[in-house]
Amino acid sequence: MAADEQFYREYILDHYKNPRNFGRIEAADITHEEYNPLCGDMVGMDFRVRDGVIEDVKFHGRGCAISQASASLLTERLKGMTLDEAQQVGKDDVLEELGIDISPARLKCALLSLKVLKVGAYGLAAEEEDEQ
Ligand code: FES
């Protein structure tokens, strides 16, 4: 295994074992959960939005290291963004952040948290656009 890949695997495991922004936000402005249809694993996110800015975001869920690490990384990226900026975050950004090659079979794991953001904050149409 290349040194780089080793580093990224540790980085993913760290986010899995010590997830950032894990928990719930009471009286959140946006709350949404999605399930990976292939395995039943879940990621949910709560957002507190003020004046169009994501002031706080937390996630909860259960699943494989890739799905949970990806959610942890995504919350770090989203905090402080405007909803308009967050809408621009796409598949490639999430995969780049994970930093390892994701096999087609694991793509739904890696992108589950992005789906929560897209469907939760912008509705189903936004998520469908992103899948194309
Ligand atoms: Fe279920 Fe990855 S195996 S989300």
Side-chain angles (χ1 to χ4, degrees):
M1 187 187 304
D4 259 15
E5 191 158 354
Q6 179 70 37
F7 170 80
Y8 281 118
R9 274 173 199 270
E10 280 167 18
Y11 170 70
I12 286 171
L13 274 182
D14 179 47
H15 272 268
Y16 177 55
K17 290 184 186 155
N18 309 294
R20 321 306 196 258
N21 304 307
F22 189 84
R24 303 299 307 257
I25 297 175
E26 263 184 57
D29 298 296
I30 300 167
T31 294
H32 189 68
E33 290 176 354
E34 287 284 341
Y35 292 82
N36 181 340
L38 301 179
C39 61
D41 290 341
M42 182 272 277
V43 168
M45 284 187 181
D46 297 325
F47 296 86
R48 184 162 59 232
V49 180
R50 290 288 172 276
D51 300 324
V53 175
I54 300 173
E55 212 177 66
D56 199 8
V57 49
K58 290 194 186 298
F59 84 97
H60 56 279
R62 54 179 160 66
C64 65
I66 303 250
S67 67
Q68 304 301 302
S70 159
S72 172
L73 285 160
L74 186 61
T75 58
E76 284 196 320
R77 177 187 272 256
L78 294 175
K79 215 184 261 194
M81 274 188 169
T82 65
L83 281 176
D84 285 348
E85 287 165 345
Q87 193 167 12
Q88 306 308 314
V89 176
K91 207 162 126 175
D92 293 344
D93 299 307
V94 170
L95 296 179
E96 190 181 314
E97 197 117 43
L98 283 168
I100 55 165
D101 280 342
I102 303 287
S103 67
R106 307 306 299 278
L107 261 188
K108 281 204 188 299
C109 307
L111 298 176
L112 188 58
S113 52
L114 185 66
K115 186 171 182 184
V116 177
L117 166 72
K118 295 289 167 138
V119 177
Y122 312 105
L124 196 55
E127 198 268 329
E128 280 170 351
E129 271 169 35
D130 214 62
E131 292 229 318
Q132 286 164 12

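All residue numbers refer to positions in the sequence shown, counting from 1. Counting starts at 1 for both ligands and their atoms, in listed order.
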Item to complete: Count the heavy atoms of every other residue, nucleotide or ligand shown that sit under 6.0 Å from CG of N18, and state whether that count exceeds 12.
Response: yes
Discussion item. Check this for me, if you would: do R50 and D56 make a salt bridge, where the nitrogen-to-carboxylate-oxygen distance has to be below 4.0 angstrom?
Written reply: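 D56 and R50: not salt-bridged.
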Worksheet item: So, are K58 and D46 salt-bridged, with charged N and O less than 4.0 Å apart?
Response: no
Response to the item:
If you scan protein heavy atoms around atom 3 (S) of ligand 1, the nearest is D41 OD2, 3.5 Å
Discussion item. Strictly distance-based, threshold 3.5 Å: is any side-chain N or O of K79 a donor or acceptor partner for the main-chain N or O of E55?
Written reply: no
For [X], take its heavy atoms, then give the atoms of ligand 1 lying under 4.0 Å from any of them.
X: C39; value: 1 (Fe), 3 (S), 4 (S)
X: S67; value: 4 (S)
X: C64; value: 2 (Fe), 3 (S), 4 (S)

Discussion item. Heavy-atom contact check, 4.0 Å cutoff: does N36 meet ligand 1?
Written reply: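 True for this residue.
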Discussion item. For a distance under 2.8 Å, tell me if C109 has an N/O/S atom near atom 1 (Fe) of ligand 1.
Written reply: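 It does not; every qualifying atom lies at 2.8 Å or beyond.
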Worksheet item: Who passes ring-ring contact (aromatic ring centres under 6.0 Å, His included) against F59, sequence neighbours left out?
Response: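 Partners of F59 by the ring-ring contact (aromatic ring centres under 6.0 Å, His included) criterion, ordered by chain and then number, come out as F22.
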